[in-house]
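Throughout, a chain's letter reflects where its sequence line sits, starting with A, and its residues are numbered from 1. Please read all numbers here as calculations on a predicted model, not as lab measurements.
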Protein chains: 2
Amino acid sequence: MSPRKSAAEAHRTRERIVERGVAMASVDGLGGLTIGRLAGDLGISKSGLLGHFGTKEALQLAALRRASEVFSRAVWEPASGAEPGLARLRAVCEAWTTYLERERATFPGGCLFTTAAVEFDAQLPGPVRDAVVRLHQTWRHRLLADVRHAVAAGELPGDGDPEQYVFELLGIFFSLNHSVQLFGDPAAPARTRTAVARLLRGPGEG
Amino acid sequence: MSPRKSAAEAHRTRERIVERGVAMASVDGLGGLTIGRLAGDLGISKSGLLGHFGTKEALQLAALRRASEVFSRAVWEPASGAEPGLARLRAVCEAWTTYLERERATFPGGCLFTTAAVEFDAQLPGPVRDAVVRLHQTWRHRLLADVRHAVAAGELPGDGDPEQYVFELLGIFFSLNHSVQLFGDPAAPARTRTAVARLLRGPGEG
DNA sequence: CCTACCGATCGGTAGG
DNA sequence: CCTACCGATCGGTAGG
């Protein structure tokens, strides 16, 4: 009878759906995230699940948003105390490495953003693809800002193009995700740290 | 009535199916490669198509094999005349860059191997996942062989771990595929060439 | 290569 | 949140 209790329970159910949805999408992609299978996993009906989102697309967007929050908490927040520039860049990369190495609970199938980017990169523009692009652009810009700061402060060689650093950094982490997911290579985190250290070597550290 | 003519026609039909299947899979993944849609595109019946392969899985494996042949012709063969070691490594990277930049006819949705790797990396072992792993391992080993040759010949710094070079090389090309497919970034091929040149810099070229 | 069909599952709706 | 249902599509088969 109490509307507060019912609203709180509905909220908790929604949380459970999104959490499980993120895990399922990390394994099977946002396309493989089907309403029937997710409802079955959670022991609720399809229409009960769909009532929280309206459409599958809204469920996919909710999963993306949640993944973004998890990524932000695991990678950006731990580095937020470091000095802007090279120090923060290195802290972000270290947190990112640990995150791809260990975060199996929320993302049992690997980084959802990599999966979603590859899954939607050849699709026509639409709400989901646009959200994937927006998220990738957000992180790119955050990385770029710290690279620019580092170059301006003389912490990185001034002849390096900031965009070039970001391009290569992203590649290192794509390679890490690939090595861990497809080959289960236990040496991949160490290779990532080596590559990052070499790329982000200061002008006097050569 | 002539069995030769009929066999030749069947072969041509099979070729058309595989070719179109590779293109479809590069856009929608090997999972999104559905028999009904492919048959509709080609103007034949589902059962007519399936008669050439038996199962969807066999169709997926045929598409992977074809993609491998295309990749081999576009990336490995142009470099086959170069000297083993650093020279061939650089030639392979140049052909690979051009391939990801231009190969829109066979792979309108980008490199099928990247798509397939991300799509199947969290799946249980099975014929398709195993084939994806095998193909990736084949190219890894070819790259590794030339890196080892280059290090042994003193063309690359001897303190570098050959596996480290391969790890970083793959990352550069993942980043290229990502930039081209998700952002359509026209500067990505140039960034790739810059990154490769820096990674494969000889000991006396620093 | 075809038509005609199978059971299962898809996203989603009606009505409670 | 439920049951009961919708049309569409999935991979695949029977029989020619």
Side-chain angles (χ1 to χ4, degrees), chain A residues 1-21 24-25 27-64 119-120 123-124 126-129, chain B residues 1-21 24-25 27-64 116 119-120 123-124 126-129 131:
Chain A
M1 280 301 179
S2 156
R4 286 188 70 179
K5 182 183 171 189
S6 148
E9 278 176 4
H11 184 261
R12 268 186 36 209
T13 300
R14 205 194 125 103
E15 291 288 293
R16 280 178 65 225
I17 296 169
V18 174
E19 190 179 339
R20 188 71 69 101
M24 189 175 282
V27 172
D28 298 308
L30 286 168
L33 174 61
T34 73
I35 296 164
R37 218 154 45 91
L38 188 54
D41 269 25
L42 295 165
I44 63 179
S45 69
K46 287 199 312 175
S47 71
L49 190 154
L50 211 49
H52 288 274
F53 304 95
T55 65
K56 175 178 178 174
E57 190 174 273
L59 170 64
Q60 291 174 318
L61 292 171
L64 271 177
E119 194 179 355
F120 283 89
Q123 299 298 312
L124 294 175
V128 180
R129 202 203 119 105
Chain B
M1 278 303 183
S2 158
R4 285 189 72 177
K5 182 184 172 189
S6 148
E9 279 177 2
H11 184 262
R12 268 184 37 208
T13 300
R14 206 194 125 104
E15 289 289 291
R16 281 178 63 224
I17 295 170
V18 174
E19 190 179 339
R20 187 72 70 102
M24 190 176 281
V27 172
D28 297 309
L30 286 168
L33 175 61
T34 74
I35 295 162
R37 218 155 43 92
L38 188 53
D41 269 25
L42 294 165
I44 63 178
S45 70
K46 287 200 312 175
S47 71
L49 190 154
L50 210 48
H52 288 274
F53 304 94
T55 64
K56 175 177 177 174
E57 191 175 271
L59 170 63
Q60 291 174 317
L61 292 171
L64 272 177
E119 193 179 356
F120 282 89
Q123 299 298 311
L124 294 174
V128 180
R129 202 204 119 104

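- Atom CE in A/Met24 sits 4.0 Å away from atom CG in A/Asp41 (nearest 0.5 Å).
- Considering every non-hydrogen atom in both B/Val18 and B/Ala62, the closest pair reads CG1-O, 3.9 Å.
- Take B/Glu19 and apply the side chain to side chain donor-acceptor pair (under 3.5 Å) test, not counting sequence neighbours, and it matches no residue.
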Checklist entry - What string of B, S and - do you get for nucleotides 1-14 of chain D 5' to 3' if you count protein non-hydrogen atoms under 4.0 Å? => result SBB------SBBBB
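- Not counting sequence neighbours, A/Arg14 has no partner by the side chain to side chain donor-acceptor pair (under 3.5 Å) test.
- Residue pairs meeting the salt bridge (Lys or Arg N to Asp or Glu O under 4.0 Å) criterion with at least one partner in residues 45-60 of chain B, sequence neighbours excluded, are absent.
- By the side-chain contact (heavy atoms from CB on, under 4.5 Å) test, A/Leu50 pairs with A/Ile35, sequence neighbours left out.
- Residues A/Asp28 and A/Leu33 are not in side-chain contact: their nearest non-hydrogen atoms beyond the backbone lie 4.5 Å or more apart.
- Helical stems of DNA chain D (runs of at least 3 Watson-Crick or G-U pairs, donor-acceptor distances under 3.5 Å) are listed by first residue: C:1-16 with D:1-16.
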